[in-house]
Amino acid sequence: MKYFDRKFFNQSTLEVAKKLLGKFLVHNQKTEKLVGKIVETEAYSGINDLASHASKGRTPRTEIMFGPAGYSYIYMIYGIYYCFNIVTENKNYPAAVLIRALEPVNPPINEYAKTTGRNDPKPASGPGKLCRYMKIDKKLNSIDLTKNILWLEDRGLLLNQNNIVSSKRIGIEYAKHCKNYKWRFFIKNNIYVSKL
DNA sequence: CAAGAGATCATCT
DNA sequence: GATGATCTCTTGA
């Protein structure tokens, strides 16, 4: 079992987005560890990426994206849901990977349904649902992901280029030509992906 | 099924 | 004051 360090996150965002597929996100809670396998990601890179919050420049909210790699960027969307991102690349270059879907590991789907009353067969498929499943909210914004609260693990799952599909990113129609970038990545044939 | 609306608030203009 | 890196529910074919 390999834990990811800052060096891993400090690579090209597209690389990190692809390499995170098949890896595990862990949230250490007092009573239990919440765990999910990453099956879908999206890259947001540089101020010229009109889909990225950082395209508007440095603001209090996006400041974390301009910081060093390996920190969390969490924001509220549509007043209801949260989105979880991992900051990538060098300091002063704003970039992050949005985690879009997890294959539930712990709690298992049936247990999650029992305790929450949600009878969703894919309770962590989609950026908002995933944060709800992993109990990620704004309190975890801008924390160090190389420490022992929220982190990533390589559990030795092997994935080659043929198992990875790329497509346009979701929900960024406003982003002019950038909406056509194929910066969304997901594991081929994995049913926990949020959309085909 | 597909399409549309509503929920609801942090953030930036 | 408008809008969004979303999700769920309702409507109607």
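These values consider heavy atoms only, across backbone and side chains, with no hydrogens, waters or symmetry-generated copies. Numbers restart at 1 for each chain; the letters A, B, ... are given by sequence-line order, proteins then strands.
Using cut-offs of 30° and 60° for the angle between ring planes, the A:Tyr181 and A:Trp183 rings count as tilted. Using bins of under 30°, 30° to 60° and over 60° for the plane-to-plane angle, the ring pair A:His53/A:Tyr73 lands in the perpendicular bin.
A cation-pi arrangement is found for A:Arg61 relative to A:Tyr75, the charged atom lying closer than 6.0 Å to the ring centre and inside a 45° cone about the ring normal.
Taking a cutoff of 4.0 Å between a charged side-chain nitrogen and a carboxylate oxygen, A:Arg100 and A:Glu42 qualify as a salt bridge.
A:Val26 belongs to a hydrophobic cluster whose other members, connected by ILVMFWY side-chain contacts under 4.5 Å either directly or through intermediates, are A:Met1, A:Tyr3, A:Phe24, A:Val35, A:Val105, A:Trp151.
Listed by residue number, A:Lys138 are the residues of residues 118-142 of chain A with a heavy-atom contact under 4.0 Å to DNA chain B. For the segment residues 71-108 of chain A, residues with any heavy atom less than 4.0 angstrom from an atom of DNA chain B are, sorted by number, A:Met76, A:Tyr78, A:Gly79, A:Ile80. For the contact set between residues 181-196 of chain A and DNA chain B, defined by any heavy atom under 4.0 Å, there are no members.
Of the inter-residue distances, the one linking A:Ile170 atom CD1 with A:Glu40 atom CD reads 6.5 Å to the nearest 0.5 angstrom.
Proximity of a side-chain donor or acceptor of A:Thr62 to a complementary backbone N or O of A:Thr59 within less than 3.5 Å is detected. Not one N or O on the side chain of A:Lys33 forms a donor-acceptor pair closer than 3.5 Å with the backbone of A:Gln29.
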Notebook entry, point to check: Starting at the 5' end of DNA chain B, what dot-bracket string do you get if Watson-Crick and G-U pairs under 3.5 Å are bracketed, crossing pairs use [ ], other-strand pairs use | and unpaired bases use dots?
Noted result: |||||||.||||.

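Once you apply a 4.0 Å limit to the heavy atoms of chain A, the touched nucleotides of DNA chain B run 5' to 3' over B:dA7 to B:dC12.
Counting any heavy atom pair closer than 4.0 Å across all strands shown, A:Arg61 reaches sugar-phosphate atoms only and no base atom.
Among residues two or more places apart in sequence or in another chain, the side chain to side chain donor-acceptor pair (under 3.5 Å) test is passed with A:Asn190 by A:Glu103. In this view, A:Asn92 and A:Arg58 satisfy the side chain to side chain donor-acceptor pair (under 3.5 Å) rule, not counting sequence neighbours. The side chain to side chain donor-acceptor pair (under 3.5 Å) test applied to A:Tyr93 returns A:Ser45, not counting sequence neighbours. Applying the side chain to side chain donor-acceptor pair (under 3.5 Å) test to A:Ser166 and every residue at least two apart in sequence or in another chain returns nothing.
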Show which side-chain atoms of residues 125-132 of chain A pair as donor or acceptor with protein atoms under 3.5 Å away, not counting sequence neighbours.
residue, atom, partner, partner atom, Å
A:Ser125, OG, A:Tyr192, O, 2.6
A:Lys129, NZ, A:Asp120, OD2, 2.8
A:Lys129, NZ, A:Lys122, O, 2.9

Show every donor-acceptor pair shorter than 3.5 Å between a side-chain atom in residues 157-164 of chain A and any protein atom, with sequence neighbours excluded, or say none if there are none.
residue, atom, partner, partner atom, Å
A:Asn160, OD1, A:Asn162, N, 3.0
A:Asn160, OD1, A:Asn163, N, 3.3
A:Asn163, OD1, A:Asn160, N, 3.2

Next item on the list: Under the side-chain contact (heavy atoms from CB on, under 4.5 Å) rule, what do A:Ile38 and A:Ile99 come out as? Steps first, then yes or no, please.
Entry: CA-CA 7 Å; A:Ile38 298 173; A:Ile99 309 299; 4.1 Å; yes

